[in-house]
Every structure is written in C-alpha cells, then in structure tokens.
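Heads up, the thing below is written out as structure tokens.
The basis for the numbers below is simple: all heavy atoms, side chains too, and nothing from hydrogens, waters or symmetry mates. Naming convention: chains lettered A, B, ... in sequence-line order (proteins, then strands); numbering from 1 in each chain. Everything quoted here is computed from the prediction, not taken from an experiment.
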Amino acid sequence: MAEETLASLSVFFSPICSSHFVPWKLDAPFLSLPLRTQFSASAESQKPQLKKAPEFPILEKQNWLIHLHYIRKDYEACKAVIKEQLQETQGLCEYAIYVQALIFRLEGNIQESLELFQTCAVLSPQCADNLKQVARSLFLLGKHKAAIEVYSEAAKLNQKDWEICHNLGVCYIYLKQFNKAQDQLHNALHLNRHDLTYIMLGKIHLLEGDLDKAIEIYKKAVEFSPENTELLTTLGLLYLQLGIYQKAFEHLGNALTYDPTNYKAILAAGSMMQTHGDFDVALTKYRVVACAVPESPPLWNNIGMCFFGKKKYVAAISCLKRANYLAPFDWKILYNLGLVHLTMQQYASAFHFLSAAINFQPKMGELYMLLAVALTNLEDIENAKRAYAEAVRLDKCNPLVNLNYAVLLYNQGEKRAALTQYQEMEKKVNLLKDSSSLEFDSEMVEMAQKLGAALQVGEALVWTKPVKDPKSKHRSSSGSKAASVPQPLGSNQALGQAMSSAAAYRKLPSGAGGTSQLTKPPSLPLEPEPTEEAHPTEASAQIREK
Amino acid sequence: MAAASSSDSEGDRAESSEASSKWLDAHYDPMANIHTFSACLVLADLHGDGEYKLAVGDLGPSGRQPCLKVLKGPTVLAESALPALPAAAAAFLMGQHEPRTPALALASGPCVYVYKNLRPYFKFSLPQLPPNPLEQDLWNQAKEDQIDHLTLKEMLEGIREKAEVPLSVQSLRFLQLELSEMEAFVNQHKSKPIKRQAVITTMTTLKKNMADEDAMSCLVLGTENKELLVLDPEAFTILAKMSLPGVPVFLEVSGQFDVAFRLAAACRNGNIYILRRDCKRPKYCIELSTQPVGLVLAHKVLVVGSTQDNLHGFTHKGKRLWTVHMPAAILTMNLLEQRSRGLQAVMAGLANGEVRIYHDKALLNVIRTPDAVTSLCFGRYGREDNTLIVTTRGGGLIIKILKRTAVFAEGAGEVGPPPAQAMKLNVPRKTRLYVDQTLREREAGTAMHRTFQTDLYLLRLRAARAYVRALESSLNPVSATAREPLKLHAVVQGLGPTFKLTLHLQNTSTARPILGLLVCFLYNEVLYALPRAFFKVPLLVPGLNYPLETFVESLSDKGISDIIKVLVLREGQSAPLLSAHINMPVQPAQACGK
C-alpha cells in the first residue's frame, strides 16, 4: 500500500511542474498581500495568450453558476453571467441560451423565448428537453396543435417522460379531445404519479359532467398525496355538490388542518356551518379569509347571510352590498339582497335587486316568485300575477311558488284559479314526499292548510306530519280567511314562505325538496367566479405553470 | 399571501419567545464583501491547531474576482486569488498520517485545487472526454487537405444531428463560420487535437472506510457531462464513475465508500437521483416537477427545497413524507448538526431575510437577518462548537453562536388557530341617513315605486322620441338607408388658432362601393374659416376607412367656440344622408390670455 502510494505520488505530483500549473503556483505564499495576488492573477491570465494560438473556451464553464442564479431567482445576476458566457463562446453555449429563454418566458416574452428555445433545439437536436420547452412556449401562446406536434416529437426522443405525457394530455384538454387527453394523462400516471396529473384528469371528468368519476380520481389522488390541500378541498367541494355532507366536511376539515388559511376550504366549510345554523362559528372562520382575501364576493355574501341568520339585518345589507359592489353581475348576491330587503319591508329596493337578478338569471322560478311578492306588496297586482305565471311556468318542484300564487289569486277573489294552483302545489308536495323524507316548513304547512280550508278542498292533507294547531299561532286565524276577509297583501306569512323558499333553492335543483328553517340563506361557497356554478372546482383545476 | 402572513406571525412567536435566548450575536459586518454560495463555505481546522477556520470560495462582488478567503474569528486571515470561479469547497483528510490536518479542496472549472496548510499542494484536472471518432476522422482528413470545407461542414452537421457524443467546441465554432472564413480557421486549427473538457459543477466528501469524524474522505465530483466521480484521497485516482440522466447540482452522501454508501444527486432536469454502491445507474428517482434549490440529508430524511417555496421530505427510497410551505423563496439550505444533543436539522435561508430551522416538518427556530440570505454554514468555528455562519446578498457576514444551554424544542412554532381569526370583521357601517331612508321606504314604498316606474317610462319614451327624430333628420353619424350604409366619425386636432379636422368616412356595406357623395360644412363665418366648405368625396370602397382632412382657422380671439356641422349629401338630393356636430375646442392660449 505504502509503495503504491509513493508511486502514485511521484506520478501525480508531476502536473504541478507542468506549464499549466505554474501560474497557480506563483501566488503560492498564501499570506501575501492582496495587491500581489492580484498581480499574479493577471499575469496568469495573460500568459497562455502569449504562448500559443487562442484556446477555445470551455462552453459549459459557467453553466453551474447560471443555474444557481436561476434557481435562486436572481435573474439580474443570471442575465449578466449569461451575457458574459455568450460573448465568450460566441453564442454557442446552449445552456446559457436555454436559461435566457426560461427567463424571457417568466418575464412574459413568450415569443422571444420560443425563438431562443428553437435555437437551442438547433444546437442540440437530440435533446428532448429543448423540444419540450419549445412545445411549452407554443402551448403558452395558445398554439395547442403545434405544441402537440412538438411534444410528440419529443416523446420519440424520450419515451418514459411523464411530463411529456401530462402536457400532451393538457393540450388535448384545450382542444376538447377528452378521450385522447385521458389516455395521455393515464400514461403519465403510469410512468410516475404526480398530483398535477390527477388534478387534470379530475378536471376532464368535471368538464364532461361526470362527478362520480371525478371523485374517484380525486380519491386516488388524496390517497397518493394525503397532505395536498388543493386535492382535499376539491374533493370536499365535489362531495358537497353531491350532497354527501359528512364526507365533504371531513375532507374540508382535513384541508384546514394542513392549511388553516385555505380560502376555498374555509368558505365551503363555513357555508356548511351556515346551513346548520352555526353562524357564529362560521363568522369566526370567515375572519381568516377576510384577512387574506378581503375582496372576495362570495365571502362577503356568506358573511352577509350569516348576519341575516343572526337577524342583524343592517349588517347583512352592508355586507351584501359590498359583495354586490365587488361582483355586480352575480345574481346570487342580488337574490340575497332582494330577500333581505323583503324581510326589511323595503319592497321598492327589493324589487330593483330582484329584477336585476332576473336579468342575469332569467330561468329561475323562485326569483320570479320573490319578485311577485315584492310587487304584491307594492300593490302592483297585475305585474305580480304575471311574475307568478312566469314563476309557475319555470318552476318544477317547489310547492311554495304555487302556494304563494294561490294566496294571491284567492285574495283577488279568483277562487277557481287559486284552486288550480293549490292542486298543482299538492302534486308537487306528493312528489317530494315520495322522493325524500324532508320535513316541510311549518309555516308553509300552516298556510297551506288555511288556504285549503278557505278554498273548501276539505282536509285532504298531504303533509307528512300533523302540524301544530293553527290557532296556537297568534298571528292570524283561519277564521279571518274563512270569513273571506282577504288577508292583507304582503303579510308576513307570504314573506316567510318566500324566505323558506330561498332556503330551499339550493337543494331544489337536485330534486331534494323544501326545508324546515326560515333563516337558511342561499349561500354560494363553491366558486369564486360566479359563472362557474356547474363546475365549482374549475377554478382550482386550471392549468398551472410548472 | 394568506400562508405568508400567517406563517410570518407564527414565526414571530417562535422567535420572540425563544430565539432571543438561543443565539449569541458574535459578529455582524454588513460590508464583509463575501459573495458566495453555501457549497463554498467550509469550517475546518486547517492548521491542525484546534482553532477552526472558515474557508470561503468567494466569487467577488460582481462575480469577476474569485478568491479564496480564510477567516479566523471576525478577521480575514488570508486571501488569495483564484484562476476561475469556485463551484464548491470541501475539507477532507487526505491520509492517515499525523498530524491530522485536513486539506482544503476547491473545485473550479475543470480542476480541483487542493491546499494543505493553506499552501497549494496539488491540482487535479478532470480527464479529457473522448472525442467523437467520426469527428476526429474528419479533422484528420482536413489536416491532410483531403476534404474540402463544405463537405467538412456537411459531415459535421450530420454528426451533430445524430451522434450521441457531442461535437467539440472547435467543430461547433467551425459550423458557425461563413464560407470565406472557413479556410483561415481550418488552417489555424487543423493541427490541433480536438478536445472536449468537462467542468465540475458540484463537489462533496464521502468517508473512505471509517465513519469516524477524523477519517479519510474521498472527494465526490459532479460534472457537466452528467457524471459522478469518486476520487481517491491519497492518489487522486478515479475510484468510481457513475453516470446520471441529468447534470448534478447538489450532492448529498452518507455511508463509506469501501463499505456502503448512498448518494443523492439533485439534477438540473428537476429530478433527484439516488445511487448506491455497486450500481452505475441511479437506483431511485424523485421527480420534483420543479427545480431543487437545496438538498440536505438529516436523520436519513432527504430534505429538498424547491423553487415553488416548498420544503419536501423524502425517504432514501424516494417516497415523499411531507411538505412544508415557506413564506418566501428559498435561496439556500444547509445542515445544522448539534452533536451534543444528537440533533440534525435543516436550515433554509429565505429571500425575505429569514433563516428557518426545521426538524422534519416542525419549525424549530426562525432567525431574522437584515438582508436576503445567500449562504449558510453551521459547525465548529474557532473553539466554539455550535456556530452559525450566514452571508447575505449585499456581501454581509453574520456569525452567531448557539448558546450551550439552548435546546431546540419541537412544536415551538406549532400552530393554533391562525392569528387572523382573532381580528374583527370590517363590516361597513351604515349612517343615520341610511336608516332614515329605510324607514321612509317602509312607509312610502309603493309611492316611491310608482314614481320611479312612471319616470322610467317617461325616460324611455323620450329616448325613443329623440332617436326617431335623429333618424328622421339624419342627425346621426350612421346612415340607416339601405343604399348608402355609411359611418362617420370626426376628430379635431390642434391647439389653435388653426385646427385640423379629420372626418373618417366608412362604407359599411359588404360589397357595393358608393360614388357621388358630397361633404358640406356649416359654420359661423365670423368665427371660423375653412379652405373649402364643400367638396366631393372619392369613391368609397366597402370596409375601408377614408380620412378626409381639412384645416379650420379660428378667427375670433375672444375664446369663443362654436359648433361646426358636417353634412354628407348625395348628389342631387337636398336631404343629408348623415350629419355630425363637432364641438370645436376653445383656444387655450386665448382662454389663458383673458
């Protein structure tokens, strides 16, 4: 061993004496003054030049430095090194061009970056990475077909790259070729599992409207990466959309454990608390969001409806108006504003909010019904009737619409028409009873009974449970109606029904039925963008920059 | 944003309650002029006197004056210029001889410079890479003038398109040349052998055969041509060579070379490869899908910082264990090892000037520095066991000593409810006036509604009437007739007294050109003068915009402005097709003069 070492020493010491090593040896005295070392350094840099024809610089000499600056996001320093390196190598240093292109892309100059990546691809045509970047720039420029071509080219060079498969899938999504997109994304998952791929796959299923499949995908994703709050939140929201509240709350709660400031999870969880009447807890949670995203319309809508639930109407109006200011085209906020103003007996204002809401959402029976209630109270019977007619035409399953219409007709003395509406209501109630075991709002039941008595349709009660004796209610007596003294228009009862209908509306589309609480607000926790009602997770599943 | 604010304050808590009692501020020099990376910081007993020094491979203020600095305490002990920028520095024991003084290795360009006792001792150069044989052949032919330059160029291009082995710089440069320059270039360079030289990108040390603190270590080099080399500490021969799918940026090693070792290499393609002894190829691969900015092995957990401001923990088999989000971009990472307590933690230097210390995913401590942290190093310095060296972006140097009593308790930075939850909601207040109006609406809602509806109808009626009137008298700038669909729009430019009036006339029909139109200006002749008050319009091709310019001179100096009416007429008809009223601007000069 010792012998060997000696031998190797003799061999390996020789380079010190070679010409290459001389300059370095010059500043050997380590404690020398800086001045002297600098001198020797410059001497060293001149020396080789004097000796022979210029050597070619090593192209990759400073690649490591460029890379270090780049990953530390010190782009100015990075550009300086790149410039130097490109000058020295006369533009041959591929990596410098590559990073320059990356920086351009980060700065938003996608076209320039594309050109530079193409230069890189010319410098080393065998490198799949360059092609991938060319494709990525094309993708960012919205040229999805061209991007697919280049990615396919890159895929030929590198068969086993999940990134290529994933990005191909994303391109196909944009071209609406969902089958191909799914194939590619599954390929990507097969090669290597990434959260992003799961998110995109889930998005495809959502775009196709297949909630169950989307949930399957997200379940797998959560299994694979149980701490990803985005996945947890999305899965929670999907369960919420399907009405599986237990699981929804579980996942949203998990998301909040890992990230207690997650905006979407808080809003969704808060809305669920609101549905259960936990207004104070929900409000406490909303504080976090209000700090982080103070200009979120759904947030202020939900806060407003919390106050509404707590019967703080002025605060409710304040918050809803802020929400409306932030998102003037969101009909749900306008709907809530209309509802709160009805409660406050500000019918003229309610009329304006409701008609604005109808302009944005002309296909919802309940909106017309609320408008009709407002109009009834504004003594515009003619238009109220027309609004009811429209509401009845549009609505398919809410018995309240017919009941309110029947009350109006009865009050106007049109008994026959009132009877028709009453029967229509009974049909709907029977339908709802068959499909679900939900209880009906007691106030509504009571009203219906009174009306039934007034219309003399006998005691053909359709309600699920016997309700309290009407007379125990101090407000109105059935006698007043039976004596055909028309109930004053705009009584609080009609209003009460209007509000419970509002509570019900969130569930009605899924065919569930009326609910029992008067103060349940319609809340829209799901989507920051009002237009994405059908796909609450769309916002989250947007393609993100890598 | 949300995460940032909350974790900031969470950090506050960790700091305020404990940090003040954990660290002693030994030294702070904002003008220390040290610009470097964590990889170039080394703490070692360079003289073998038990007094640990700090060796810094310094890039220089603008990355131009690389030098090696050795610090003892707060002062620079020695400084010596380097021929090229240092990529990494390491201290290692070269042999088993006494005294056991570690040597200092600096990787720079294609070489490793080894210093012993702070004196240059040895220079190791990476071996030349084998050139492409085809390329070699071509240049040999060129040397004997058997091949003309264009053919050479074509052949070289062919090699570049397909070959596995990249071309040398010489050939690449040749391919860039114009025809006229080729001759001279070939003559100058043909006799030289073609060379391909690799560059060192990163370096670390690996114990040779014993795990002891003062055992011999091998140098492990990562190179630009995607290879890892292990060097013998005595003979500087290459003991092992491993190839990677990417260019290594950071290396982490555990184990001993002769027994068993594990090597983790973070690469430029965003992947981390894990290699073991006896395998030439990576055993496991972690795909980050972002770039790694740091790699630290602490208690067998591989901690990776990513450019998306996350710290990830992975097992040695590449399974992800946890993820922690940072409030700012991670700039550098290093290991904090408190041997007396058996603690290994990860330090992350952030762009917001924080140094965060994590044990797994638990935040142990936060240190604030005045500037963004560029490099970190923890270890024995001077005679103090636990010293933290921090350099900042402006070239500052901070030295902190961990108190001997300090214990990093887990859960120090743990979360309760986010602090924002304690803040009051900012509900907009309503005024007295609002309440009054609400009451008024309750009382007189019906009347208000009716008044509003009546006024709305009146408004609509008036608007409709005005529109009809405009249509009837052709006052509108868009002609409604089917024969001459026209659009007119006028612009006045200038400050006066001369203005330029430009009429933009457009034929909006799809196919039919319009001929025989006239333009006429009606204006107050006392106030304005126009060169032509009446002219013919050329043929209007459909779709094009015709700018018709004329000058308007203002005659009044009283600062009065008036309307100029523009009428577009059809030849032979007295009723105009279109008309526009142009409000002439007031002359500012005169207006000021008044």
Side-chain angles (χ1 to χ4, degrees), chain A residues 5 8 12 15-16 21 23-25 27-28 30-31 34 37-38 41 44 53 56 58-65 67-68 71-73 81 90 92 124-125 129 162 192 194 196 227 259-261 263 284 287-288 290-292 303 314-315 318-319 322 344-349 351 378-379 546, chain B residues 1-3 5-6 37 63 78-81 83 85 87 109-110 113 118-120 122-123 125 161 166 169-170 172-173 176 188 197 199 201 224 234-237 249 268-269 287 289-291 293 307 322-323 329 331 415 417-418 420-421 423 425-428 430 438 441-442 445-446 448-449:
Chain A
T5 314
S8 55
F12 283 90
I16 299 184
F21 205 55
W24 186 63
K25 227 188 158 188
D27 54 68
F30 213 87
L31 305 169
T37 53
Q38 263 167 24
E44 171 241 7
F56 290 108
I58 304 170
L59 291 183
E60 295 96 5
K61 202 169 72 179
Q62 294 192 334
N63 283 9
W64 63 272
L65 186 62
H67 182 78
L68 278 183
I71 57 174
R72 294 168 140 209
K73 301 179 184 170
V81 181
Q90 298 184 357
L92 278 177
S124 68
D129 207 34
W162 76 274
N192 208 334
H194 280 264
L196 212 58
E227 293 192 19
D259 177 11
T261 56
Y263 161 78
T284 325
R287 284 178 184 174
V288 182
C291 209
I303 293 179
V314 176
S318 293
C319 296
R322 175 177 284 179
M344 291 288 277
Q345 299 171 16
Q346 288 173 264
Y347 304 112
S349 305
F351 169 80
L378 290 167
E379 294 165 38
K546 282 217 321 172
Chain B
M1 176 62 200
S5 60
S6 71
F37 301 105
E79 196 172 330
S80 110
L85 294 176
Y113 300 91
L118 289 187
R119 291 212 167 72
F122 182 68
K123 174 177 148 179
S125 293
E161 295 285 321
V169 190
Q170 183 173 322
L172 286 174
R173 182 65 58 79
Q176 275 193 326
Q188 193 184 358
Q197 181 69 66
V199 176
T201 57
E224 188 72 36
E234 288 171 302
F236 288 98
T237 47
V249 185
R268 269 185 216 155
N269 57 6
E287 289 185 351
S289 74
T290 58
Q291 289 288 351
V293 285
T307 42
W322 44 263
T323 299
L331 295 186
V415 286
Q421 196 162 310
M423 279 160 73
L425 274 177
N426 171 23
V427 178
K430 286 294 175 201
T438 310
E441 189 188 336
R442 267 192 213 182
T446 314
M448 285 161 93
H449 180 66

| Top contributor to chain A contacts, counting heavy-atom pairs under 4.5 Å, from Gln291(B), Gln197(B), Glu224(B) | Glu224(B)
| For chain B, which of Leu68(A), Ile303(A), Leu65(A) has the most heavy-atom pairs under 4.5 Å? | Leu68(A)
| Which portion of Asn63(A) sits near chain B, non-hydrogen atoms under 4.5 angstrom | both
| field | Residue pair Ala348(A) / Gly445(B): nearest heavy atoms and the distance that separates them | value | CB-O, 4.0 Å
| said: I'd like to verify something: which residue of Arg268(B), Lys430(B), Met448(B) has the highest number of heavy-atom pairs under 4.5 Å with chain A? | reply: Arg268(B)
| task | Determine the minimum heavy-atom distance between Leu85(B) and Gln62(A), stating which atoms define it. | result | CD1-NE2, 3.3 Å
| request: Flag the one option from Glu441(B), His449(B), Arg442(B) with the top tally of heavy-atom pairs under 4.5 Å to chain A. | output: Glu441(B)
| Between the side chain of Arg72(A) and the main-chain N/O of Val293(B), is any donor-acceptor distance below 3.5 Å? | no
| field | Interface moiety of Glu227(A) toward chain B, non-hydrogen atoms closer than 4.5 Å | value | side chain
| remark: Heavy-atom nearest pair, Lys73(A) first then Thr307(B), reads NZ-O, 2.6 Å
| Glu287(B) side chain to Asn192(A) main-chain N or O, any donor-acceptor pair under 3.5 Å? | no
